[in-house]
2 protein chains.
Amino acid sequence: MPSSPVDHARTGVRPTMKDVAAAAGVGLKTVSRVVNGESGVRDGTAERVREAIEALGFRRNDSARLLRTGRTASVALVLEDISDPFSSALSRAVEQVAAAEGCLLFTGSSGERADRETELALAFCARRVDGLIVVPAGDDHRYLLPEIASGTPVVFLDRPAGGIDADAVLSDNAGGARRGTAHLIAHGHRRIGFIGDLRAIHTAAERERGYRAAMAEAGLPVDDRWVDCGPTDRARVGEAVRRLTAGPDAVTALFTANNRVTLAALHHLPAERRPAVVGFDDLELADLLTPGLTVVAQDPAALGALAARRLFARLAGDAGAPARLEVPTLFIPRGSGETPPNGI
Amino acid sequence: MPSSPVDHARTGVRPTMKDVAAAAGVGLKTVSRVVNGESGVRDGTAERVREAIEALGFRRNDSARLLRTGRTASVALVLEDISDPFSSALSRAVEQVAAAEGCLLFTGSSGERADRETELALAFCARRVDGLIVVPAGDDHRYLLPEIASGTPVVFLDRPAGGIDADAVLSDNAGGARRGTAHLIAHGHRRIGFIGDLRAIHTAAERERGYRAAMAEAGLPVDDRWVDCGPTDRARVGEAVRRLTAGPDAVTALFTANNRVTLAALHHLPAERRPAVVGFDDLELADLLTPGLTVVAQDPAALGALAARRLFARLAGDAGAPARLEVPTLFIPRGSGETPPNGI
DNA sequence: CTGAAAGCGCTTACAG
DNA sequence: CTGAAAGCGCTTACAG
């Protein structure tokens, strides 16, 4: 049952407090008092104002109010790509904390491009968001120094800031990778491959560090040909899988260092002498694969919530030294990481 | 190599154009001209202004500029849950179109609650976003009539608006479900179960309609016990799977009507006499399952982009009648839908 | 209890 | 080429 627009709301013309004041025959401040539920307005006056508001279809312009107030009651989140499950889980967690604080949330995707990250972060600052959370794409964040100095708190998420000392909330990337690799070693693997993201990415470097630490602790050598870092597209990862799993020196197990790498690798795994696999990041159907996919799961909900809470603590006046907060990972064995070495 | 904040930026104090004007010894308007790259400023003057801007660390406050301008250069997207892959894919598509139009994007999750949808949508309107895209949680959108009448265009996405006549961009839900069901019929199935979301949800009802249409076209009866609609949590879906696949009258195939239902159903599928499965919505590892999961895939990127383009067309002055735009689905056979009926 | 004035940080419309 | 005044839609700080 469609109904038609109400009469009083002429298209494109929004009544202001001034209009309401004129209609009710009162001063501007009295309208403001009624709209904001302040006390000290006689019942009759308030009633007339309310009638005028109703008749004109008045709705306060929050952007104008916030200009006077000095806050915008909004925060912004710059992520890698909102359509990535990890990013969107971060976003949900940040949104929930922001909502509890009465803040609306801007989101923007950098697409892993440093210039786009900068552009978005500065655009949000130009809007004077109350605070900013950034999942870094670039490695130099000095461009944010003036904003931070001017009073806009910035918290870095998933990866630390580059070139500046700032709050950061990170996963225990090295610890998680070490745990996953140690698991493969415990199941008898000695030649374990590592396929990761570009080394320039902090999380990728940390995970490689964890992998190497586990190997070193077990007294196992790491052949440089076992470690393959680069872009996470299917072609490159497929090539890496083929190279690592071929020939007499083939690895018997693979550690795939993020969700996209794991996904691509699973599509290219050889049918024969299938290597054991442990992946970093959980995937939605991981437990339904045959065998189930063993993973080192991150906790994006915890990461996002922690970053948001840190941001609001800063907004509430917390002036402590910048801190690096770490969120533990969860190891989930499901089968693919428990396969014994083949052909040895 | 952390560096310290620059001197001129005293914490919490942002210089304004007025400060710049005073520092440069020029009028406010001249600063505005330089900041906005307008012509008609002598080189020397412009240079002095630029120096003052640099020295003070001035950055224009876009919120203030936009108040005067009457636009906010922002749009908002109210979705079901940003952490859901379908929602986040919509968000990414909307963001890309918005970015091309020079707009920043607010996102908010209703959690499928009508009151929260209303609260978010009105909060965004109060901020005077230039336009709004809503994935409905509720079924009565008359509360948006005043906003629409006041000139804020609203486009509905994934589900149509309730009680008002407005633009809507939808998947071909009925057509997709019909196609998927017909496929099961073509593979010899006669007793086909349908497990769906709450009937109150438009997409759920449409998909059931498509399922029934396919059955009717094939001259097959639909036993009411084969159709199970309700919340999409694992417990309820698991119960439905058990009920539909048990006993002598067990269905030989299941149509699972959205991603969450499919996910839950896959976890509860009986090992013996495993029914054929066709799911609505694609899943990330669907092709790696054994057998691969046959799906009716939606195209969230196309849905989001179309909705956003519609919104910006409205903003550009398109005053045509509200339209309902439909995006086709894609049928992807991968194995689970091609299993023949068992035990017949 | 009520409201006129000033101001938030910009731009618009004019006047020199 | 340049700038003082008015205004965007509100709130703050005062005065009655």
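Chain letters run A, B, ... following the sequence lines, proteins first and then strands; every chain starts at 1.
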Run the side-chain hydrogen bond (donor to acceptor under 3.5 Å, both in side chains) test against [X] and tell me which residues pass, sequence neighbours left out.
X: A:Arg128; answer: none
X: B:Asp43; answer: none
X: B:Ser88; answer: none
X: B:Glu95; answer: A:Ser109

Quiz item: Base, sugar-phosphate alone, or nothing: which one does A:Ser63 contact when heavy atoms must sit under 4.0 Å apart?
Solution: nothing
Quiz item: Going by the ring-ring contact (aromatic ring centres under 6.0 Å, His included) test, which pairs reach into residues 52-72 of chain A, not counting sequence neighbours?
Solution: none
Quiz prompt | Annotated protein contacts, base or backbone, on nucleotides 11-16 of chain C with a non-hydrogen cut-off under 4.0 Å, one of B, S, - each | solution = BBB---
Quiz prompt | Neighbours of DNA chain D within residues 19-26 of chain B, by heavy-atom distance under 4.0 Å | solution = B:Val26
Self-check item: Minimum heavy-atom distance B:His202-B:Pro160, with the two atoms named
Solution: ND1-CD, 3.1 Å
Quiz item: If every non-hydrogen atom of A:Thr152 is compared with every non-hydrogen atom of A:Val129, which pair is closest and at what distance?
Solution: CG2-O, 3.9 Å
Quiz item: Which stems, defined as runs of 3 or more consecutive Watson-Crick or G-U wobble pairs with both pairing distances under 3.5 Å, involve DNA chain C?
Solution: C:1-3 with D:14-16, C:5-12 with D:5-12, C:14-16 with D:1-3
What's the [atom1]-[atom2] distance between [X] and [N], to the nearest Å?
X: A:Asn61; N: D:dG7; atom1: CG; atom2: C1'; result: 14 Å
X: B:Arg71; N: C:dC10; atom1: CZ; atom2: C1'; result: 16 Å
X: A:Leu67; N: C:dC10; atom1: CG; atom2: C1'; result: 8 Å
X: A:Phe58; N: D:dG9; atom1: CZ; atom2: C1'; result: 8 Å
X: A:Lys18; N: C:dA5; atom1: NZ; atom2: C1'; result: 14 Å
X: A:Ile53; N: D:dC10; atom1: CD1; atom2: P; result: 10 Å

Quiz item: Should A:Thr30 be listed as having a side-chain N or O under 4.0 Å from OP1 or OP2 of C:dT2?
Solution: no
Quiz item: D:dG9 phosphate, OP1 or OP2: any side-chain N/O from A:Arg14 under 4.0 angstrom?
Solution: no
Quiz item: ring-ring contact (aromatic ring centres under 6.0 Å, His included) with B:Phe106: which residues, sequence neighbours excluded?
Solution: A:Phe106, B:Phe124
Quiz item: For A:Ser63, which residues count as a side-chain contact (heavy atoms from CB on, under 4.5 Å) partner, sequence neighbours excluded?
Solution: A:Asn61, B:Thr72, B:Arg127
Exercise. For B:Ala302, check side-chain contact (heavy atoms from CB on, under 4.5 Å) against everything at least two apart and list the hits.
Key: B:Asp299, B:Val327
Identify all side-chain donor-acceptor contacts of residues 132-140 of chain A below 3.5 Å with residues at least two apart in sequence or on another chain.
unit_1   : atom_1 : unit_2   : atom_2 : d
A:Asp140 : OD1    : A:Arg142 : N      : 3.0
A:Asp140 : OD1    : A:Arg142 : NE     : 3.0
A:Asp140 : OD2    : A:Arg142 : NE     : 3.4
A:Asp140 : OD2    : A:Arg142 : NH2    : 2.7

